[in-house]
Amino acid sequence: LIFFLLMDRSISFFSLGALVGVLATAAVFSYIAGDRSVVDSDAKILKLAHGLDTAHPVHLGMERMKERLADLSGGRLTIDIYPSGVLGSEVQCIEQLQSGELAMTKTSTAAIESFIPELGIFGVPFLFDDDAHYWSVIDGEIGGELLAIGEGSGLFGLCFYDAGSRNFYSADKPIRSPADLKGMKIRVQNSRMAIAMVEALGGSPTPIAWGELYSALAQGVVDGAENNLPSFESSRHYEECKFFTPDAHTRVPDLLMISTAIWESLDAQERKWLQEAADESSVYQRQLWAVKMKESIAKVIAAGVEIVEADTRAFQKACAPIMDTLIGTPVEPWLRKIQAVK
């Protein structure tokens with residue numbers, strides 16, 4: 001086309017330049033948008049954003065969901081995934097779900113409890129007797145009710161992802177009992193329940209952004225933190241903290257949430273496809289998490305980390321008064337339901 005325009009001397013170089021600019025712009029737009037004709041020219045594209053890196057088991061689980069949804073729908077429904085916080089923090093992504101700007105996000109219950117107070121139940125320390133108790137709740141009727149509880153707030157849950165148990169780790173001394181936490185500054189998430197737990201154990205809770213924690217540990221701003229083992233390993237916090245205490249004080253799952261407005265815009269068949277793909281991704285992610293746990297514990301031990309045996313009963317006893325503070329709160333009914341499951 002450009003060749004023939006050059007042959008036509010009535011066409012000005014300005015017009016030619018404008019045409020080249022239009023073609024270049026179209027090419028860039030095509031690259032950004034992707035070739036949707038490969039899937040389906042009428043496909044519905046759901047944007048999913050989260051803050052995890054692309055090697056994380058949860059991200060890989062969501063990649064599996066994307067593949068399965070494309071297969072189940074024959075390309076009519078697909079997902080674009082934006083990892084590593086490129087579209088905002090967990091809270092910002094949740095707000096985008098409420099406004100309908102974003103279709104889906106992965107969130108921790110700590111981040112979402114200010115939007116859906118009932119989900120603060122997962123922050124209650126020593127709520128679950130063991131793994132079997134935890135999964136019977138997550139995979140049972142209570143788990144389904146908790147996923148749907150935020151629908152009226154613009155947030156509908158599709159599935160839970162395994163995020164393991166949260167445990168203490170420290171730089172200068174091992175934490176075996178609540179007595180060891182006295183006077184220690186422990187980094188926590190900005191969660192009322194996490195703050196109350198560390199206070200009950202005698203420590204000084206210090207909310208710090210996750211991305212700033214490594215330097216805070218290195219500089220002695222805090223003496224330790226609490227999180228799951230794969231996060232302890234992948235963040236390289238084991239370089240500063242040589243003591244890891246698997247007390248499993250909380251089991252806090254990740255949730256895959258979808259905007260209620262977008263969920264309701266899907267027809268019944270599309271919802272079925274999406275829910276099936278999400279459920280399959282949850283099962284797959286749990287398998288990946290189990291593998292990651294084994295890899296992480298081997299890596300931190302090789303790096304010189306001591307796995308400290310905890311006096312779990314002493315931790316439970318110290319945290320027991322927290323239960324009384326939940327009376328009359330949105331969390332209380334769920335506490336009673338979970339305690340009744342055996």
Full working for side-chain contact (heavy atoms from CB on, under 4.5 Å) between Leu48 and Leu256: CA-CA 10 Å; Leu48 190 167; Leu256 179 64; 4.0 Å; yes

Show your working on side-chain contact (heavy atoms from CB on, under 4.5 Å) between Thr250 and Val124 and close with a plain yes or no. CA-CA 7 Å; Thr250 53; Val124 176; over 6 Å; no

Please determine whether salt bridge (charged side-chain N to carboxylate O under 4.0 Å, His left out) holds for the pair Glu332 and Arg336, giving the CA-CA distance in whole Å, both sets of side-chain angles, and the decisive distance to 0.1 Å. CA-CA 6 Å; Glu332 183 189 5; Arg336 305 307 174 203; 3.7 Å; yes

Please report the C-alpha distance between Leu274 and Ile258 in whole Å, then the side-chain angles of each, then the deciding distance to 0.1 Å, and finally whether the side-chain contact (heavy atoms from CB on, under 4.5 Å) criterion is met. CA-CA 10 Å; Leu274 180 55; Ile258 185 169; 3.6 Å; yes

Decide yes or no on salt bridge (charged side-chain N to carboxylate O under 4.0 Å, His left out) for Asp267 and Lys44, but give the supporting numbers first. CA-CA 12 Å; Asp267 63 36; Lys44 292 183 180 179; 5.3 Å; no

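Sorted by first then second residue, the ring pair (Phe, Tyr, Trp, His ring centres under 6.0 Å) pairs that include residues 192-219, not counting sequence neighbours, are Trp210-His237. Pairs of residues two or more places apart, or lying in two chains, that qualify as salt bridge (charged side-chain N to carboxylate O under 4.0 Å, His left out) and include a residue from residues 220-230 are Arg166-Glu226. Among residues at least two apart or in separate chains, ring pair (Phe, Tyr, Trp, His ring centres under 6.0 Å) pairs with a member in residues 217-236 are Tyr169-Phe232, Phe232-Phe244.
Residues Ser170 and Cys241 have side chains not in contact (no heavy-atom distance under 4.5 Å, counting atoms from C-beta outward). Thr206 places none of its side-chain heavy atoms less than 4.5 Å from the side chain of Val188. Counting only heavy atoms from C-beta outward, the side chains of Asn190 and Ile208 never approach each other to under 4.5 Å. Taking 4.5 Å as the limit, every side-chain heavy atom of Gln285 sits out of range of all side-chain heavy atoms of Leu60.
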Expected list for residues 301-319: side-chain donor-acceptor pairs under 3.5 angstrom, two or more places apart:
| residue | atom | partner | partner atom | Å |
| --- | --- | --- | --- | --- |
| Glu306 | OE2 | Arg176 | NH2 | 3.4 |
| Asp311 | OD1 | Ala314 | N | 3.4 |

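No side-chain donor-acceptor contact under 3.5 Å links Asp53 to the backbone of Ser84. Listed for the Ser282 side chain is no donor-acceptor partner under 3.5 Å among the backbone atoms of Asp279. No donor-acceptor pair closer than 3.5 Å links the side chain of Ser204 to the backbone N or O of Lys185. At distances below 3.5 Å, at least one donor-acceptor pair connects side-chain atoms of Asp180 with backbone N or O atoms of Ser177. Of the possible donor and acceptor atoms, none in the side chain of Thr78 sits under 3.5 Å from a partner among the backbone N and O of Gly75. Judged purely by atom type and a 3.5 angstrom limit, His59 has no side-chain atom pairing as donor or acceptor with the backbone of Pro83.
Separating the CD atom in Glu67 from the CE atom in Met65 is a distance of 11.0 Å, to the nearest 0.5 Å. Distance CD/Glu118 to OG1/Thr109: 13.0 Å, rounded to 0.5 Å. Note that CD of Glu90 and CD of Glu95 are 12.0 Å apart. Values are rounded to the nearest 0.5 Å.
For Lys173 and Phe243, the positive end is not near the middle of the six-membered ring at less than 6.0 Å and at most 45° from its axis. Geometrically, Arg251 engages Tyr134 in a cation-pi contact defined by less than 6.0 Å to the ring centre and at most 45° from the axis. A cation-pi arrangement is present between Lys337 and Trp334, with the terminal nitrogen or guanidinium carbon under 6.0 Å from the aromatic centre and inside a 45° cone about the axis.
With a 6.0 Å radius and a threshold of 12 heavy atoms from other residues, nucleotides or ligands, Gln339 has its CD atom above the threshold. Other residues, nucleotides and ligands place more than 12 heavy atoms under 6.0 Å from the CZ atom of Arg271. Other residues, nucleotides and ligands contribute at most 12 non-hydrogen atoms within 6.0 Å of the CG atom of Asp172.
Taken together through direct or relayed side-chain contacts under 4.5 Å among Ile, Leu, Val, Met, Phe, Trp and Tyr, Leu158 and Leu266 form part of one hydrophobic cluster.
Ser191 and Gln189 are not linked by any side-chain donor-acceptor pair at a separation below 3.5 angstrom, with hydrogens and angles left out of the test.
Ala200 pairs by the side chain to side chain contact (heavy atoms under 4.5 Å, CB included) definition with Ile322, not counting sequence neighbours. Among residues two or more places apart in sequence or in another chain, the side-chain hydrogen bond (donor to acceptor under 3.5 Å, both in side chains) test is passed with Ser231 by Asn228.
Phe168 and His249 have tilted rings, their planes meeting at an angle from 30° to 60° on a 0 to 90° scale.
Using a cutoff of 4.0 Å between basic side-chain nitrogens and carboxylate oxygens, Lys47 and Asp80 are not scored as salt-bridged.
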